[in-house]
Protein chains: 2
Amino acid sequence: MRNTSQRKAVLLALGDLHGTHPTASEIYGAIKVRNYQIGLATVYRTLDAMVERGDVAAVRTGNAVRYDLTHHHHHHIVCQNCGKVTDVDASEVPSELLTFFEGETGFDLADATIQLNGICADCTTTR
Amino acid sequence: MRNTSQRKAVLLALGDLHGTHPTASEIYGAIKVRNYQIGLATVYRTLDAMVERGDVAAVRTGNAVRYDLTHHHHHHIVCQNCGKVTDVDASEVPSELLTFFEGETGFDLADATIQLNGICADCTTTR
DNA sequence: TTCCATGCAAACGTTTTGCATTTCG
DNA sequence: CGAAATGCAAAACGTTTGCATGGAA
């Protein structure tokens, strides 16, 4: 993987937007705003490569995929009402949990990502 | 909600395909194969209504949404390699699990669906 | 008779791809 | 120099929507 200016720009944008779980379009927008030259296809290709390498985590929400730098292994919890994505640190999750699911399903969950779909506190109080 | 022939056809297809977690297109195909008259848009609209009513569960995998009759509340575990979706009965999931995540995130997870992304047994042995 | 449901086709937003061109190593 | 990465535009894909028509209640 070459160290191109576009690759740097994507990493920079991911850093800027870290915690906001941006979509490919949002990352593209953040890069263009800085007057960096990049194409949307390159954003997708770069993100795919980063996900492949494990540098970036991808979560699929409603209609688009959201990306995030994987500083540490974490899980995602998605609000089914507003779409907000919240992180839960993997180290905080009891290990018996994964063991339970592994026994139940035969899956290898060593590096599994749990995605919980619920209703966030904001949406619970607003309704 | 009216009891139309298309609605019956969708239910029939969901019964036939139960356990296979079909996409809207697959449901559409199963209906057309029987020479029933239906449009793809109707399949989507009908499935949406059923999900809204809680009769059908939707899981988003790679690129498409997969549907399943909700005979009982269950969770989904998706193989990141082959895309296979496996069910885990909700009643078998320790309740402390949801409680843990609720405390951690402030989400309301009363009826939450857990989606685990891992590598299934087949794919583990084949690699 | 009244609306809700339907079919069709067009629109939509996201993601992928073909191909000529650039650029890193 | 050669392989890999890029930009652009077009295409692909799943899904939604507008609107005229049909059918359940």
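A quick note: this is a predicted structure, and the numbers were derived from the prediction, not measured.
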> Is a donor on one side and an acceptor on the other found under 3.5 Å between the side chain of B/Asn117 and the backbone of A/Thr113?
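A pair under 3.5 Å: yes.
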> Let me check the geometry of the helix from C/dT1-D/dA25 to C/dG25-D/dC1. What is the bend angle between the axes at its two ends, five pairs each, to 10°?
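So the angle between the two local helix axes works out to 40°.
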> Are the side chains of A/Val85 and A/Thr61 in touch, meaning some heavy atoms are under 4.5 Å apart?
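A/Val85 reaches A/Thr61 side chain to side chain.
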> Find out whether B/Ile38 and B/Val10 are in side-chain contact, i.e. whether some heavy atom of one side chain is under 4.5 Å from a heavy atom of the other.
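Yes, at least one pair of side-chain atoms sits under 4.5 Å.
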> Taking A/Arg53 first and then A/Asp48, would you say they form a salt bridge - that is, a charged N and a carboxylate O separated by under 4.0 Å?
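Here A/Arg53 does not pair with A/Asp48 in a salt bridge, since their nearest N and O are not under 4.0 Å apart.
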> Do B/Tyr36 and B/Lys32 have side chains that get closer than 4.5 Å, going by heavy atoms?
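They are not in contact (no side-chain heavy atoms under 4.5 Å apart), so the answer is no.
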> What is the distance, to the nearest angstrom, from the CZ atom on A/Arg60 to the P atom on D/dG14?
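A/Arg60 atom CZ is separated from D/dG14 atom P by 11 Å.
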> Give me the residues of residues 32-47 of chain A where at least one heavy atom lies under 4.0 Å from an atom of DNA chain D, by number, or none.
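Here the set is A/Gln37, A/Ile38, A/Gly39, A/Ala41, A/Thr42, A/Arg45, A/Thr46.
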> Want to settle it: does B/Arg7 or A/Tyr67 sit nearer the 5' end of DNA chain C, counting the closest nucleotide to each?
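So the residue in question is B/Arg7.
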> So do B/Val59 and B/Val65 actually touch side chain to side chain, heavy atoms under 4.5 Å?
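No, their side chains stay 4.5 Å or more apart.
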> Find out if a path of hydrophobic residues (ILVMFWY) with successive side-chain heavy-atom gaps under 4.5 Å connects A/Leu69 to A/Ile77.
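No, no single cluster joins them.
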> Got B/Val78 and B/Lys84 here, is their nearest side-chain heavy-atom distance under 4.5 Å?
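Heavy-atom side-chain distance check fails, nothing below 4.5 Å.
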> If only side-chain N and O atoms of B/Thr4 are considered, is one of them under 4.0 Å from the OP1 or OP2 phosphate oxygen of C/dT6?
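It does, given that an N or O in the side chain of B/Thr4 lies less than 4.0 Å from OP1 or OP2 of C/dT6.
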> Taking atom P of C/dT6 as reference, at what distance in whole Å does atom CG of B/Asp48 sit?
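To the nearest whole Å, that distance equals 12 Å.
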> Rounded to whole angstroms, how far apart are NZ on B/Lys8 and P on D/dG23?
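So the two atoms are 13 Å apart, to the nearest Å.
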> Assuming nearest nucleotide by heavy-atom distance, tell me which of B/Ser25 and B/Arg2 is located more 5' along DNA chain D.
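Final value for this comparison: B/Ser25.
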> Please report the distance, rounded to the nearest Å, between CE in B/Met1 and C1' in D/dA25.
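Interatomic distance, CE of B/Met1 to C1' of D/dA25: 15 Å.
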> Taking OP1 and OP2 of C/dG7, is either one under 4.0 Å from a side-chain nitrogen or oxygen of B/Gln6?
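Yes, B/Gln6 has a side-chain N/O under 4.0 Å of OP1/OP2 on C/dG7.
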> Could you state the OH-P distance from B/Tyr28 to D/dG14, rounded to the nearest angstrom?
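Value for this atom pair: 13 Å.
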> Evaluate A/Val88 against B/Thr105 for side chain to side chain contact (heavy atoms under 4.5 Å, CB included), listing each step before the verdict.
CA-CA 7 Å; A/Val88 178; B/Thr105 63; 3.4 Å; yes
> Between D/dA5 atom P and A/Glu52 atom CD, what is the distance in whole Å?
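Whole-Å distance recorded here is 13 Å.
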